[in-house]
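Input: a single structure, listed below in C-alpha cells.
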Amino acid sequence: MISSLFRARKPITQIAQIVPINPQVSQKLTPIPPSIQSHQNPCAQLPYCQNPSRVLQNCSFSTQSSKFPEYEMPSVTWGVVQGRKEKLVSRVIICDYLKSLGIVPDELENLELPSTVDVMRERVEFLQKLGLSSDDINEYPLMLGCSVRKNMIPVLAYLEKIGIPRSKLGEFVKNYPQVLHASVVVELVPVVKFLRGLDVEKQDIGYVLQKYPELLGYKLEGTMSTSVAYLVSIGVNPRDIGPMVTQYPYFLGMRVGTVIKPFVDFLVSLGLPKMILARMLEKRVYLLGYDLEETVKPNVDCLISFGIRREVLASVVAQYPQILGQPLKAKMSSQQYFFSLKLKIDPEGFARVIEKMPQIVSLHQHVIMKPVEFLLGRGIPSEDVAKMIVKCPQLIALRVELMKNSFYFFKSEMGRPLKELVEFPEYFTYSLESRIKPRYQRLQSKEIRCSLKWFLNCSDQRFEERLQGEYIETETPGPLFCMGGKLELPGNEMVSDEEDESDDEVLYRRTVSL
C-alpha cells in the first residue's frame, strides 16, 4: 500500500489542486526532490520520506467546507461508502418504480439490480413488448435480472432461428421464463443438437420446444439420455425415437426408475409381450403419461370387475391402449346399462363384446343404434341382433350405407336366408367390391355351393387353393393369439423359437393391429 502511494504519477502538489489538503498535514509533509518526481527510480522515494506511515495516518481530507453533509467522507474509503449508499438509493428507486407497475419486488431482495432506474425501465418495456404483463412478470420476477442486450436478445434471436415464430416468443417466455438466464452456446445449442441426434426433423425442433420448453433445462447426460436408452432396450426402434419425441416430448423428462420402468413392468405382468408393448409405444408414446397408481391400475381393476377375463386383459390393452387412461368406471357403467336396456345384452355378453372390441367403451350411443336399427328393420329379431353383436361387435361401428349395399347383394344376388347372416355377421365387415362380389362370381362359375364363412374368411391364396381342390375342406378356426408367445396358425405347428428374429417381428406385427 505504501509503495503504491509513492508510485503515483501525479505529485502531491497536483493532487492538492484537486482535493484540498489539511494545512496542518501539508506542513508535516517532506518535499520531494525533482529527481524523485521524474519517476526514474520510484524505489528511491523511501529515503526522502521522514515517516511514510505517519504521512498516511495524518493525511486526512478536509470536508468542513462541503455544502452537502451527506457526502462528507473523512477517510480514504470514500469511494466504497459512496457506492454502497448509491446502490441502496438506486434499489429503493427501482423498487418504487416496479411497485408503481404492479410488480412485487420482494423476490428481488438478493438479486443484483441495475445501477439506474432507466436500465430497469428498458427491461420491463422489452418484456412488455414481447406480450408479458405485470402478472406474468410476478410469476417469475427474477427475469428482471436479465440484461436486454446480454441475455434476452441473444436467447430470443436463437429461439427464432431454430423455428419458434416471433409471434410465439412471448408465450414461450411465459411458459418457461428461465430460458432468459440460459447461455446460447453452453446450454441451448447442445440440447438442439441432442434432439437432432434423435432424428427429430429440423423443422419440428421449434414445435417440440413449444410443447415442452423445459427440455432446454435438462442435462443431456441425465434424464433424457436414460429414458431413450431404456425404451430402445425394450425393443423400440431407434429410428422411431424422433417421431415419438415430436408427438410427445414429455417422455424425455420422465425418470426411468420411477415412471417408465414401473409402467412397462406392470403391462408385462398382464401378459403383454415387450415387443408388442414397444410397437404400442412407437405409435402412442403418450401412454407413458398415464399415472400408474391413479389411473392405469384402477382401470385394469375396473375391467376385471365388469367381467373381463384376466387372461384376455393384454389383448384388450393391445387393441385399445387408450383404455388405460380414460375415466373407465363411468363409461363402462353407462355402456353396460345401455346394452342391457336397448340391445338386450346381459352383463356377461357385454363383457365378451368389450373383450373383442374395447373401443366400444368410447363409442357414442347414437352411433351404436344406427346399425342396430338397420338390422331390426330388415326383419332380424332383436334376440338374433344381440347374438350377432356379441359374436361380431364390429357391426355397431359400421356405416349404414355400406351395410345396405352388402345386404342388397346378399338378398338379390345370392338369395340366401337371413339365418346365414345371423350365423356369420362378419359378412358385413368385408368389402363388397373387392372381396364379396369377385369371390362369389368365381364360385358361381365353378358352381360351388358353400357357406359365407368358407369363401370369405380366408386369404386370396387360400381361396384359390380351395377353388382348385376337388372337395370342400372342413372349416377351421382363424388364427389364435397366445399372449406372451408366438402366433399359432391352424393346421401348423407352433412357430419355432429358432427362427429368425425378423420373422418373429413380422408375426408379432400381424398379431395386433395398432
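We use all heavy atoms of the structure for the numbers below, so side chains are in, but hydrogens, waters and symmetry mates are not. None of the values given here were measured: they were computed from a predicted structure.
- Under the 4.5 Å side-chain criterion, counting only non-hydrogen atoms from C-beta, Ile234 is in contact with Tyr230.
- Shown here are the side chain to side chain donor-acceptor pair (under 3.5 Å) partners of Glu420, two or more places apart in sequence or in another chain: Arg416.
- Atom CD of Glu107 has 12 or fewer neighbouring heavy atoms from other residues, nucleotides or ligands inside a 6.0 Å radius.
- Ring geometry for His181 against Tyr140 counts as perpendicular: the plane angle is over 60°, on a 0 to 90° scale with 30° as the lower cut.
- Checking side-chain atoms of Ser340 against main-chain N and O of Gln336 turns up no donor-acceptor pair under 3.5 Å.
- Side-chain polar atoms of Gln326 and Lys331 form a donor-acceptor pair below 3.5 angstrom.
- Side-chain contact, Gln319 with Ser315: a donor N or O sits under 3.5 Å from an acceptor N or O.
- Using a 4.5 Å cut-off on side-chain heavy atoms (C-beta onward), Phe306 and Ile354 make no contact.
- Within 6.0 Å of OH on Tyr408 lie no more than 12 heavy atoms contributed by other residues, nucleotides or ligands.
- Contact between Arg255 and Thr258 at its shortest, heavy atoms only, is CB-OG1, 3.3 Å.
- Counting non-hydrogen atoms of neighbouring residues, nucleotides and ligands closer than 6.0 angstrom, the CZ atom of Arg310 reaches no more than 12 such neighbours.
- Ion pairing of Glu383 with Lys387 is absent here, as no side-chain N (NZ or NE/NH1/NH2) approaches a carboxylate O to less than 4.0 Å.
- Between Tyr212 and Tyr218, the two ring planes are tilted [angle within 30° to 60°].
- Taking 4.5 Å as the limit, every side-chain heavy atom of Tyr248 sits out of range of all side-chain heavy atoms of Arg284.
- Summarising the local packing, NZ of Lys261 is surrounded by 12 or fewer heavy atoms from other residues, nucleotides or ligands at distances under 6.0 Å.
- The minimum heavy-atom distance between Gly235 and Arg279, with the atom names listed, is O-NH2, 2.6 Å.
- By the 4.0 Å N-to-carboxylate-O rule, Arg439 lies close enough to Asp460 to be salt-bridged with it.
- The existence of a salt bridge linking Glu171 and Lys174 is excluded, since no basic side-chain nitrogen approaches an acidic carboxylate oxygen closer than 4.0 Å.
- Between Phe428 and Phe407, the ring planes are parallel. Angles under 30° get that label, and only those over 60° would be called perpendicular.
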>> Determine whether Lys129 and Glu125 satisfy the following criterion, salt bridge (Lys or Arg N to Asp or Glu O under 4.0 Å), listing intermediate values before the conclusion.
In response: CA-CA 6 Å; Lys129 287 180 181 179; Glu125 291 176 353; 5.8 Å; no
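- More than 12 heavy-atom neighbours from other residues, nucleotides or ligands sit within 6.0 angstrom of CD on Gln203.
- In this structure, the side chains of Gln335 and Ile368 come closer than 4.5 Å at one or more pairs of heavy atoms.
- Looking at heavy atoms from C-beta onward, Val184 lies in side-chain contact with Val155 at the 4.5 angstrom threshold.
- A salt bridge does not link Lys404 to Glu401: none of the charged nitrogens lies less than 4.0 Å from a carboxylate oxygen.
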